[in-house]
Every structure is written in structure tokens, then in C-alpha cells.
Protein chains: 2
Amino acid sequence: MIMKNESYLRELLQEHGLKVTLARMKVLDVLVSSPVALSHSDITHRLEGQEIDKVTLYRTLGAFTEKKLTHKVASKDRNWLYALHIHENEPAVDHDHAHFVCDSCEKIYCLPVNTEEQTPVIPTPVNFIVTSREYRLHGMCPDCH
Amino acid sequence: MIMKNESYLRELLQEHGLKVTLARMKVLDVLVSSPVALSHSDITHRLEGQEIDKVTLYRTLGAFTEKKLTHKVASKDRNWLYALHIHENEPAVDHDHAHFVCDSCEKIYCLPVNTEEQTPVIPTPVNFIVTSREYRLHGMCPDCH
DNA sequence: CACTCTATGCAACTTGGTTGCATTAATGGG
DNA sequence: CCCATTAATGCAACCAAGTTGCATAGAGTG
């Protein structure tokens with residue numbers, strides 16, 4: 001296995017209260033090398049020959065997300081995609097997220113959100129052509145409070 | 001079957017270039033009576049005793065959406081939810097959508113989007129408590145243009 | 001009324017994801 | 001350094017959502 005920086009990966013796991021195991025190291029290695037969010041099957045393909053059990057992968061991604069090492073986004077075709085929380089362009093807060101979905105290659109990029117403003121501002125990312133927008137507010141509806 | 005307004009439903013189908021069939025009338029009847037977007041299984045449950053084949057329901061919803069009688073939103077658990085395009089609070093344009101997701105009852109409401117502004121504005125809906133926001137921009141990434 | 005073409009229903013299948021359980025391995029204490 | 005404890009792994013079996021192919025039924029047109 002070609003690990004970019006084994007001790008860095010090990011530290012990342014430990015910092016997030018995760019036991020260091022082979023499966024987790026493999027998955028984390030794939031995630032740190034990707035600028036875009038990846039699905040279960042993306043990761044499986046990138047582990048070609050190094051595959052881990054599919055259930056283990058699901059549970060690994062679940063554990064990463066629970067411990068806030070990663071976060072998940074639903075893709076266009078409604079699978080979960082996972083991306084590290086530590087990429088520099090990642091929003092600091094947990095509750096406001098913005099993503100850019102390329103309608104051609106379907107990659108999903110994380111965008112920064114400026115939450116200082118009253119109404120959060122999403123700066124249009126340079127070199128990205130935006131053709132449509134989706135907004136989704138979460139909270140409680142009148143029936144539930 | 002208790003149809004709210006059979007000839008109205010029939011007209012709606014015809015206006016959208018859809019043949020009037022029993023299955024479509026049933027599904028449309030369910031959709032016009034719902035202020036929130038519904039999933040395949042929501043609709044199946046509301047057709048209790050009147051059920052149509054699941055494949056037919058998928059194809060009916062597909063046809064409705066293709067003919068712009070409905071539009072679809074991905075739910076929290078990543079199923080497709082369908083809602084009529086004709087509710088008054090529905091955005092006029094096809095490419096900017098906003099929804100409110102209740103984290104308690106998980107209903108999904110359509111919100112109007114003011115696209116007159118440079119940066120689209122989503123007015124906070126009255127009586128809804130917003131705790132987090134998700135934004136998703138669609139278009140072309142630098143790799144693809 | 002008959003013809004045509006679309007919509008329907010059924011069976012079989014694919015993909016994403018989960019559960020239960022037995023086995024294996026990581027870590028902390030002695 | 002080893003052992004015990006507890007958590008992670010792998011496997012099989014399962015579930016739900018959604019799709020495909022095909023034969024049949026039913027709308028709509030002339």
C-alpha cells in the first residue's frame with residue numbers, strides 16, 4: 001500500500017478518538033488524496049486489490065462521520081459521498097454547508113460559507129460556471145413546535 | 001375512489017400532454033391533496049386498497065416529472081419525493097429551488113426563491129425555525145470547460 | 001368500431017445499505 | 001512483553017429503492 005504519510009494518517013485517527021486499524025488507514029489514505037467527495041463504490045474502486053469488506057467500509061465511513069473526521073453529502077443520484085472535514089476549503093461550522101456539483105463529471109466540491117453575515121453568503125467559486133442552485137433549510141416546521 | 005375534482009385532474013393531465021389513465025388519476029389525486037412532497041412509498045400507502053403496481057408508480061412519477069407536472073426533491077434519507085409544480089408557493093423557474101426540511105417530522109416544504117436579485121434570496125418562512133442550511137450549486141467545474 | 005401506440009403489470013434483477021453473529025485484532029494494565 | 005478486554009472485521013443473509021424486458025390491456029384517433 002502506498003500511504004502518503006502513514007504517521008499523519010495514524011495521528012488523524014487518534015485525534016478523532018478512532019482506533020488505528022488497517023481498514024481505517026486504507027480508507028483514510030484514499031480520502032486524504034481526494035479533493036472531491038467519494039462514494040462507497042468510488043472508494044471500493046480506489047482500493048482495487050486492497051479491498052476491504054463492504055460492511056466494514058460502510059461502518060468505517062459511519063465511524064469517521066460520527067467522529068467528525070468526515071462529513072457526508074448526498075450525490076445527485078442520492079448516494080452518500082464522504083469527504084474529509086480537514087480540507088482547508090471546508091466550512092468551519094458543522095451546520096452550514098455548501099457544495100458545488102459538476103453536472104458534467106458529477107464531482108462534488110466543498111465550498112466555504114461565510115456565516116458572519118446575517119444571510120450566509122456563498123462566494124461564487126472562481127472558474128466554476130454556476131447554472132442552477134438548490135437551497136435547503138433545516139429546522140422545525142409550524143406543526144412541530 | 002374519492003376524487004376531489006375529477007375533471008380538474010383530467011385537465012391537468014391533458015394540459016401537460018399526458019394520457020388520462022386510471023393510475024395517473026389516482027396518483028395525481030394523492031399529489032394535489034398534499035402540501036408536502038411525497039415519496040413512492042408515501043404514495044403507495046395513501047393508495048391503500050387502491051394500489052397500483054410499483055413499476056407503474058415509478059413510471060407515472062417519471063412521466064409527471066418529465067412533463068413538468070411535478071418536480072422531485074431528494075429527501076434526507078435520499079429517496080425521491082415528488083410535489084406538484086402548480087402549488088402557488090412553487091418557484092416559477094425550473095433551475096432555482098429552495099426547500100424547507102423539518103428535522104422533526106421530516107416533511108419537505110417548497111419555498112419561493114426570489115431570483116430577481118443578483119444573489120438569490122430565500123425569505124425565511126414565517127413560523128419555521130431554521131437551524132441549518134445546505135446550499136448546492138450546479139454547473140461546470142474547471143476540469144470540464 | 002377498429003387500429004395503433006402508449007401505459008400497465010409482472011417477474012426478475014441491480015444497487016445501496018443494514019443486521020446478526022462468530023472471529024480477529026488493537027490497546028491498556030500488569 | 002504478554003494477556004485480557006473490548007471494539008473492529010468479515011461473512012451470510014437480508015431489506016428497500018429503483019430498473020429492465022416483455023406480454024397484455026386500454027386510450028385516443030380516424
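Treat the numbers as computed from the prediction; the structure is a model and nothing was measured. Just so it is clear: chains get the letters A, B, ... in the order the sequence lines come, proteins before strands, and each one is counted from 1. All values below come from the heavy atoms of this structure, side chains included, with hydrogens, waters and symmetry mates left out.
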With distance as the sole criterion, do the side chain of B/Lys54 and the base of C/dG9 form a donor-acceptor contact below 3.5 Å?
-> no
Roughly how many Å is it from CZ in A/Arg78 to C1' in C/dG17, rounded to a whole number?
-> 13 Å
A/Lys26 atom NZ is separated from C/dA25 atom P, nearest whole Å, by 12 Å
Distance in Å, A/Ile43 CD1 paired with A/Lys54 NZ, rounded so as to fall on 0.5 Å steps = 15.0 Å
Starting from P on D/dA16, measure out to CG on B/Asp42 and report it in whole angstrom.
-> 15 Å
Quick one: CG on A/Leu61 to CZ on A/Arg24, what's the gap to the nearest 0.5 Å?
-> 11.0 Å
On DNA chain C, nearest-nucleotide positions of B/Thr60 versus A/Val55: which is more 5'?
-> B/Thr60
Side-chain heavy-atom pair B/Val32, B/Asn5 within 4.5 angstrom cut-off | no
Identify, between A/Leu18 and B/Arg59, the residue whose nearest nucleotide on DNA chain D lies closer to the 5' end.
-> A/Leu18
Find the distance A/Asp53:CG to C/dG16:P and express it as a whole number of Å.
-> 15 Å
Answer with base, sugar-phosphate or nothing: what part of the nucleic acid does B/Thr21 contact at a heavy-atom distance below 4.0 Å?
-> sugar-phosphate
Derivation and outcome, side-chain contact (heavy atoms from CB on, under 4.5 Å), residues B/His16 and B/Phe64 | CA-CA 8 Å; B/His16 289 82; B/Phe64 284 7; over 6 Å; no
Between B/Val55 and B/Leu47, is there a shared hydrophobic cluster once you connect ILVMFWY residues whose side-chain heavy atoms come closer than 4.5 Å?
-> no
Under 4.0 Å between a side-chain N/O of A/Thr56 and OP1 or OP2 of D/dG10, yes or no?
-> yes
Minimum-distance nucleotide to A/Arg24 side chain [options: D/dA8, C/dA7, D/dG28] | D/dA8
Between C/dA25 atom C1' and A/Met25 atom CE, what is the distance in whole Å?
-> 15 Å
Check the distance between D/dG18's P and B/Trp80's CH2 and give it to me in whole angstrom.
-> 9 Å
Report the distance from atom OH of B/Tyr58 to atom C1' of D/dG18, rounded to the nearest whole Å.
-> 5 Å
How close or far is atom P of C/dA7 from atom CG of B/Leu13, stated in whole angstroms?
-> 11 Å
Specify the residue among A/Ile52 and B/Lys19 whose closest nucleotide of DNA chain D lies further upstream toward the 5′ end.
-> A/Ile52
